[in-house]
Amino acid sequence: MDNHFDHMKNGCKLVLWYTEPATAWETEVLPIGNSYLGATIDGGMKEETIVLNEKTLWTGGPSKSRPDYRGGNRNEASYKYLYEIRKALSEGAQSKAASLVQKLTGISEGYGAYQLFGNLVFQYENINPMKVCNYRRWLDIESSTAGVEFICDGVRYEREYFANYPSNVIVIKLQAENNSLSFTASLKKTQPGAVICVSGDTLICSGAIEDNGLRYEGQFVFHTTGGKLTSKKDAITVTNANKVMIYLSAATDYRNIYPTYRSKKNPHDLVSAALTAAVDKGYDLLLSEHVTDYQSLSRRVDIWLGGDFATPATDICLSNYKNRLSSELVSPDDRYLEILYFQYGRYLLISSSRTGTLPANLQGVWNESNTPPWSCDYHINVNLQMNYWPAHVTNLTETSIPLVDYIEGLREPGRVTAKEYYGITSDEEHPENGWIAHTQSTPFGFTCPGWDFYWGWSSAACAWLDQNLWEYYEFTGDKQYLRNKIYPIMRENVTFFIQELIYDQNQKRLVSSPSFSPEHGPVTIGNTYEQSLIEQLFRDFITASEILDEDETIRHKAEVVLRDLNPYRVSKKTGLLMEWFEEDEESFDFSQVDPHHRHTSHLLGLYPGKGITHGTPELMKAAEASLNARGDEATGWGRAIKALMWARIGDGERAYKLLTGLLKDCTNDNLWDECPPFQIDGNFGGTAAIAEMLIQSHMGYISILPALPKVWSKGSFRGLCARGGFVVDAEWMDGKLTKLTLLSKNGGSCSIKGEKAFITDGDGKNIAYQTQDTIVTFQTKSMESYHITFDYT
Ligand code: FUC
C-alpha cells in the first residue's frame, strides 16, 4: 500500500493549479483559511485582490436600532394558530389550515447576513501582463499553502500565502528578483463607515457595523527587505524591495452568548496581541507551525483509486473530465481529479471549521459580498448537516466541534421559539423543557420559522442536527463529551418532541403537525421527513441514555413514543416510499409536488439516518424506486446526497454516476461546488460520498468497499474511520479486498462484513472470531492493530 501513496507523494502532488490569474471570484479564485479568517487569491499580475473574511462579521441580531430583536420570534403566542392548524388538519380542513400557516412565521428584520471584511488590493509597478511568461497560480492542499509565480521582463516574481490557525494569522510573502518589487497596497470594499489608517508599517481598518454596532478590526503589518516603505493616509507603498512579508489578522467583538452576542473584548486588543506574537515568530516559524498543525489533520487519510497519473492544470483536468462521456472516464487523470476533489473537501473543512469560532457556513468562510446568497447563513434543512458529513468518516472529528458549539448556542433562543410557536415553555422548574430551530439560522440565535411558511417551517431540522452530534459519539466513543455536551442537547430535543407530538385518530399514530417537507409539497400531518428524523433522534437518545445510564423516566417515555411513530409508508399505487402519509388518498393535493424535486427529504432514513437499510428490504426497495423516480439531476448538494444514498443502497455504479454528475455539472474550475450559486455543502457532501462508497459502518458492522464502481476496481485507502473508534486501511484489486488493517482506538468488539476470515493482531497472533450472517465479529484491545484477510475462494 505504501507504494501507492509514495507514488502520490513523489510523482503526483495534490495541487490545484492554473496557468492564468482568476478572472471571476466564484469560479476561479483559490481559498485559504484558518476558520476564523478566510482569504481568496486571484493571482492578478498587475492588480491582485485578496478577498478577506472574518467569520463572525455579521449584520443582524441585537442592536440599539432594534431594541425588540427576539431572534425573529414573534411575541403573540403564535402557538394558538398552531393549535388551530392542527385541528383543521385533523378534521381534513386543508384550506383552513393553509389559510393560517402564514401565522407561523418569523420576522425577517434583524436576520442579517455574513459580511465581506474587505479586499486587500495590490497595485504592482513594473509588471506588464503582456510580457509575463511561465505564469502559475497554485494551491497545495498537502501543505495548505498557495502561491503565484511568473517571470516578467526576465524578472522572477513569487508570492506565497497561508492561513495559520494556532496563531490566527494570514501570512503573505512577496518576492521579486533585482529589487523589482514595487506596489501600493490598499483596502477596498470595506464596511460602510470603516476607518482606514496607517500607523508605521501597519495598515489598520476598524469600525463598527452600522446595522448592529458589532466592532471589528483588521491589521496588516508590512515588513520589507530592501527597498522602501512609505505610508500614505490609507495605503502602504513599497518601492524596489526584493521581499515583503505581510502579517494580517482580524477580529470582532462577537461572541456566541445569548442574548447579547457580544464579548467584552476589544477587537483592537485581540488583533494587536495576535499580530505581535505572530511577527515575533516570523515567517519561517509561522509556516512550520501552520504546516504541522494542518498536516496533523490532513495526513490522517490517503486514498488512491488506481492509475499512474500526471497532474494536469486543474481547469484542464476538469474540462477533460466534463467532456468525457461517463463510460470513458477511464483516464488516470480522471482518478486524479476524483482524489483531488475528495481531499479538497477535507482541505476546505480543515480551513473553515476549527474550534473557537462559528462552524462552516454556506460558503465555508469565504464571501465576497455584503449581500451573499441566502445571507451565507446556517441552513439546517440539509446544508449545515451536509457540511459535517465528511468530518468523522474522513478522520477530521475535531472539525465538528464548532458545529457542536453552534448547536448548543441555539438552545436558549430555541426555547423562546418553542414557547412562542408550540406553547412549550421552559421555566425554573423545567429549565430545559425543549428547544427548536427551523429552516435557517444565524449566529444571533435566529431559531424561529422563516418569514414564509412554505420554506421557513421545519420542525424536525433540529432532530436532524442531532444526528450530526450523535455521530460524534458513535465514531469516537467519547463518553465524557457525550455526557457533557451532546446528550443534554439531544435530551432537550426529545423532551420537546414528547410534548409536540399528538395522536392522530385517522393515522392511528403519533404525529408532528403541521408538518412540511423541505420546500416541497402541501402542509400535512406527520410527513416522512419529520417522522423519520424524530424517530432517529429517539432511537439515538435511547441508546445514549442507556450508555450513560441516565434519565430512565424520559427514556421510557421515548420508548413509548417510538412505538407509535411509524414514519415510513410504501405507496400502494406506485410502490414508492411516500413523502406524505396521505399521498395515496384521492384528495391529496399533487399540485405542489415536483416529482424531480431537489430535496429527497423522505429518504433521510437511507442517509444519513439508519431507518432504511438492507435489514428493512421492503423499505429499501421502495426507497430505491423513489430515488429512481426523482432522477439524477439536482443542485450540487442534491447530487451529493443522492450519491450518498446510492452508496447506502450499495449501488456503486449509480453512486459514481451521481458523483461524476456533481463534478461535471456542479463544479467550478476552482473545484468549488456550484449549487448554483457557489455553495460549499456540495463539496463536503461529495467528499462524504466518496468515503461512503469505500467504507460504511451504520449497520452495527463495518463494510469495506460497499459501493465500489468498476472504474475504481483497484485502489487503496488509509485512515478512514468507522463507528466504534476504528481506523481502517485497505487495498483492493479487481474489486476484491486484498489487504485490510484496522486500528481499534477504544478496544471492544469489532464486526466486519465478510466470512472465512483470517485475523491476526500486531504481533502476528491468530485472533478467534465468530461468523453470523456473513458478519465476522472479534474482540479488540485498545490501540491494537489487526490484519484481516478474507478468503474469496
Ligand atoms: C436549501 C435549498 C436551496 C439552497 C438553500 C441554501 O433551502 O433548498 O436549494 O441550497 O438551502
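Along the sequence shown, residues carry numbers from 1. Whatever order the structure lists them in is the order used to number ligands and atoms, beginning at 1.
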Sub-4.0 Å atoms of ligand 1 with respect to non-hydrogen atoms of N381:
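Result: 1 (C), 7 (O).
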Identify, by atom number and element, the atoms of ligand 1 in contact range of H379, meaning under 4.0 Å from any of its heavy atoms.
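Near H379, meaning under 4.0 Å from one of its heavy atoms, ligand 1 has 1 (C), 5 (C), 6 (C), 7 (O), 11 (O).
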With a heavy-atom distance limit of 4.0 Å, tell me whether [X] approaches ligand 1 through its side chain, its backbone, both, or neither.
X    : result
T439 : neither
N383 : side chain
W455 : neither

Between K322 and D665, does any side-chain N to carboxylate O distance fall below 4.0 Å?
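Salt bridge flag = no for D665 with K322.
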Would you call R415-E492 a salt bridge at under 4.0 Å N-O?
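Looking at E492 together with R415, the answer is yes, because their closest N to O distance falls below 4.0 Å.
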Just jot down the side-chain contact (heavy atoms from CB on, under 4.5 Å) partners of A113, sequence neighbours excluded, or say none.
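A113: side-chain contact (heavy atoms from CB on, under 4.5 Å) contacts with T59, Q115, P372, S375.
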Identify the closest protein heavy atom to [atom]: which residue and atom is it, and at what distance?
atom                   : result
atom 7 (O) of ligand 1 : E519 OE2, 2.4 Å
atom 9 (O) of ligand 1 : R598 NE, 3.0 Å
atom 8 (O) of ligand 1 : H599 NE2, 2.7 Å

For the residue pair [X] and [Y], is the inter-centroid distance of their aromatic rings smaller than 6.0 Å?
X    : Y    : result
W672 : W25  : yes
H520 : W580 : yes
Y421 : Y81  : no

Does Q440 come within less than 4.0 angstrom of ligand 1, counting non-hydrogen atoms of the residue?
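No.
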Under the ring-ring contact (aromatic ring centres under 6.0 Å, His included) test, residues paired with Y321 that sit two or more places apart
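Applying ring-ring contact (aromatic ring centres under 6.0 Å, His included) to Y321 gives none.
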Under 6.0 Å from the ring centre and within 45 degrees of the ring axis: does the NZ or CZ of R354 meet both conditions for the six-membered ring of Y36?
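Cation-pi check for R354 and Y36: fails.
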Any N or O on W374 sitting closer than 3.5 Å to an N or O of ligand 1?
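No, there is no polar N/O contact under 3.5 Å.
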Under 3.5 Å: N/O of D681 near N/O of ligand 1
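In fact, backbone or side chain, D681 has no N or O that close.
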